[in-house]
Structures are given as structure tokens and as C-alpha cells.
There are 2 protein chains.
Amino acid sequence: MPPRTYHHPEAGEIAIARVLFALSEPLRLNMVRMLAEQGEVDSINLGPDLPRSTLTHHTSLLRESGVVFVRAEGRKCMIKLREEDLEARFPGLLGTVLTAYGSAGDEGETDA
Amino acid sequence: MPPRTYHHPEAGEIAIARVLFALSEPLRLNMVRMLAEQGEVDSINLGPDLPRSTLTHHTSLLRESGVVFVRAEGRKCMIKLREEDLEARFPGLLGTVLTAYGSAGDEGETDA
DNA sequence: CCAATCGTTCGAGTTTTCTCGCACGATGAT
DNA sequence: ATCATCGTGCGAGAAAACTCGAACGATTGG
């Protein structure tokens, strides 16, 4: 029996409005920032204090909007940014948003 | 008695999450694209078919999030992008989003 | 095999956003 | 002055998003 599988939109199907919406949520924007810094991370590290169902909600939204790639590894769930796909589809977007976040996001850096 | 006045956040107060949220709505994203192409525009041109109160709702949201500058001119209301402020605050963001929109936004070009 | 752990799904409740009709003040033209 | 026009604010209703507890299947370790 295959492990958990996840549906991901193809690179060409990623819609700008959905990406912007995904990034407009502070929790998710913070997740994306962590992913940009740390590469592939265990989903639990994206929100150690969040209820699991809430965490799943946000990671699923990021996945369905084409921002992240999700893969099951044992019981855990590894998340990484779709940097190449996003760069190909919307050149510069991710970098620009992350730069903007770094300079004016939330100055209270509660680093994990 | 002064004409209508509008409150605008200062450039330094513009928050990335709010800007992304403002741009994540298809109607508003389309408005921003028109503004980028046409410069300062009469608000009515941003949504000729929308109810007035709906149009006000979206233009107000764009204004309050720091994306556009609004000024009363007679009975009309002129809108323009805050390109310089946005560029200073979030370098490259607006251009990147508009490029992304142009290449993958909505292919149905209903040009005004 | 059994128990603990993890992510997912479902459902309910809360909050936010969106839409739009209506009344009002301001403006411009007659 | 009068009247039509425009944007705004308000209120209500609908739609969408967020949060989170509980139950379930899958996986790991004893």
C-alpha cells in the first residue's frame, strides 16, 4: 500500500492570484520564509505550537497553490519551496516577496 | 468646506502581507494592471459594470493597503498606483507581480 | 502484536471578506 | 435654486477563510 500521496499543480497551472493569496497570510508567509532559509523541513518545524489540523490546513493551501512541494517520509511530512517552478512561472516573485518580508515583514523575529 | 479627503498609510507603514492580500483578489489585481498601463485613472474606469459601493470597497482596500493613491476631482475620483512608494518599500514587487500577471494572469484580455 | 506517534479528514463554530441596495453629502450644469 | 450625477457610509446577507477538537489510517518502535 503506497504511502500518502499529494496532489500538486503543474508549474504551468500555478496562478498568480492564488500564490499571492497564499503568501498574504502571516502564518504562511512566515512558513515560506523558513523554507527559503532552511530548505526542506519537517512540517512540524513550520509551526510547532499550532494544532496539527491547523498546520495541515496551511501546508495544504501552500501546496495546492503551487508554492511548496510536499512529500511523505515515514510518519513525517517534508516540505520544500518550489523555487524553480515559481521562478520559471513568475520570475523574481519569490525573491522579491522574501526581500520585502525581511525588510518590512514582522520585526519580531521569533526564530525557530 | 474641503472636498473629500482620503487617508493613506505612509510609505513606511505599508505592510507586505496587506499588499499581497490586496493583490490576491482578481478584481483588484486587474485594477492594478490597468493603473500600471494607464497611469492615473478615473475610478469608474476600473469597474464600469460594478455597483458603485462594490467599487468603492475595492478602491478603499487598495488605498488602505498602500497600493494606490486616491484623490477627489470634482465629483470623480482619480486613482493612481503608488509606484515610487512601493518600489522604495518593496523593491521589484510591483513589477514582478505585473509581469507575472501578464504572462499567466488571465488570458482573456478585456481591455478598457 | 500492541501501543505510541504523526498527518489527514471531517465537522462545527468563529471571524473575515465580499456584494450590493439605499440614503446622504458634495459637485456641476441648467 | 433645482436637479441629475457621483462617491461614500451603512447595514444586511452570503460566501469564503480560519481554528481546532475528535476520529481514523498509516507508520514506527518495543
Side-chain angles (χ1 to χ4, degrees), chain A residues 1-8 15 17-32 34-35 40-80 106 112, chain B residues 1-8 15 17-32 34-35 40-80 106 112:
Chain A
M1 203 168 296
R4 290 167 307 203
T5 58
Y6 298 92
H7 177 257
H8 296 81
R18 291 184 60 130
V19 171
L20 294 175
F21 179 76
L23 298 179
S24 72
E25 172 72 32
L27 249 59
R28 291 190 295 261
L29 186 51
N30 194 41
M31 289 178 184
V32 169
M34 292 177 65
L35 289 166
E40 191 174 39
V41 305
D42 185 340
S43 70
I44 193 67
N45 292 326
L46 294 179
D49 301 333
L50 272 54
R52 293 293 141 80
S53 51
T54 300
L55 186 56
T56 297
H57 170 71
H58 288 296
T59 55
S60 296
L61 197 151
L62 285 170
R63 172 177 52 80
E64 288 161 13
S65 63
V67 176
V68 303
F69 183 81
V70 180
R71 140 182 99 80
E73 172 153 327
R75 283 181 292 205
K76 299 187 270 190
C77 156
M78 303 299 290
I79 321 268
K80 67 176 172 183
D106 192 330
Chain B
M1 202 168 298
R4 289 166 302 187
T5 57
Y6 299 92
H7 177 257
H8 296 80
R18 287 181 64 118
V19 171
L20 294 175
F21 179 76
L23 299 178
S24 72
E25 172 71 35
L27 250 58
R28 291 191 294 261
L29 186 52
N30 195 42
M31 291 179 184
V32 169
M34 293 177 65
L35 289 166
E40 193 174 37
V41 172
D42 185 341
S43 70
I44 192 67
N45 293 327
L46 294 179
D49 302 332
L50 270 52
R52 293 294 140 80
S53 50
T54 301
L55 186 56
T56 298
H57 168 73
H58 288 297
T59 56
S60 296
L61 198 150
L62 285 169
R63 171 177 53 78
E64 288 161 12
S65 63
V67 176
V68 304
F69 183 82
V70 181
R71 132 183 107 81
E73 171 151 330
R75 282 180 293 205
K76 300 186 269 192
C77 156
M78 303 298 290
I79 321 269
K80 69 175 170 184
D106 191 328

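Residue numbers begin at 1 in each chain, while the letters A, B, ... track the order of the sequences.
Side-chain contact between M31(A) and V41(A): absent, with no pair of heavy atoms (C-beta onward) separated by less than 4.5 Å.
Taking only side-chain nitrogens and oxygens, Y6(A) comes nearer than 4.0 Å to OP1 or OP2 of dT8(C). The phosphate of dT8(D) has OP1 or OP2 within less than 4.0 Å of a side-chain N or O from T56(B). Distances shorter than 4.0 Å separate none of the side-chain N or O atoms of S60(B) from OP1 or OP2 on dT8(D).
To the nearest angstrom, C1' of dC6(D) lies 15 Å from CG of L50(B). In this structure, CG of L62(B) is placed 14 Å from C1' of dT17(C), rounded to the nearest angstrom. Counting to the nearest Å, the P atom of dT5(D) and the CZ atom of R4(B) are 16 Å from each other. Taking atom CZ on F21(B) and atom P on dA16(D), their separation rounds to 14 Å, with Å as the unit. A straight line from CG of N45(A) to C1' of dC6(C) spans 13 Å, rounded to a whole angstrom. Whole-Å rounding puts the L55(A) CG to dT5(C) C1' distance at 15 Å. Between R75(A) atom CZ and dA3(C) atom C1' there is a gap of 11 Å when expressed in whole angstrom units. Residue L27(B) contributes atom CG, which lies 16 Å from atom P of dT17(C) at whole-angstrom precision.
Map H57(A) and I44(B) each onto its nearest nucleotide of DNA chain D; the residue landing nearer the 5' end is I44(B). Between G74(A) and T54(A), the one whose closest nucleotide on DNA chain D sits nearer the 5' end is T54(A).
L46(A) approaches M34(A) most closely through the heavy-atom pair CD2-CB, 4.2 Å.
Looking at the side chain of R52(B), the nearest of the listed nucleotides dC6(D), dG21(C), dG7(C) is dC6(D). Checking dC18(C), dT8(D), dT8(C) against the side-chain heavy atoms of C77(B) singles out dT8(D) as nearest.
Distance alone, capped at 3.5 Å, places no donor-acceptor pair between the R63(A) side chain and the H8(A) backbone.
Under the salt bridge (charged side-chain N to carboxylate O under 4.0 Å, His left out) rule, E73(B) has a single partner from R75(B), R71(B), K76(B), which is R71(B).
Heavy atoms of H58(B) sit under 4.0 angstrom from primed sugar atoms or phosphate atoms, though from no base atom.
Atom CG of N30(B) sits about 10.0 Å away from atom CG of L35(B), to the nearest 0.5 Å.
Remark: the S53(B) side chain and the dG21(C) base include a donor-acceptor N/O pair separated by less than 3.5 Å.
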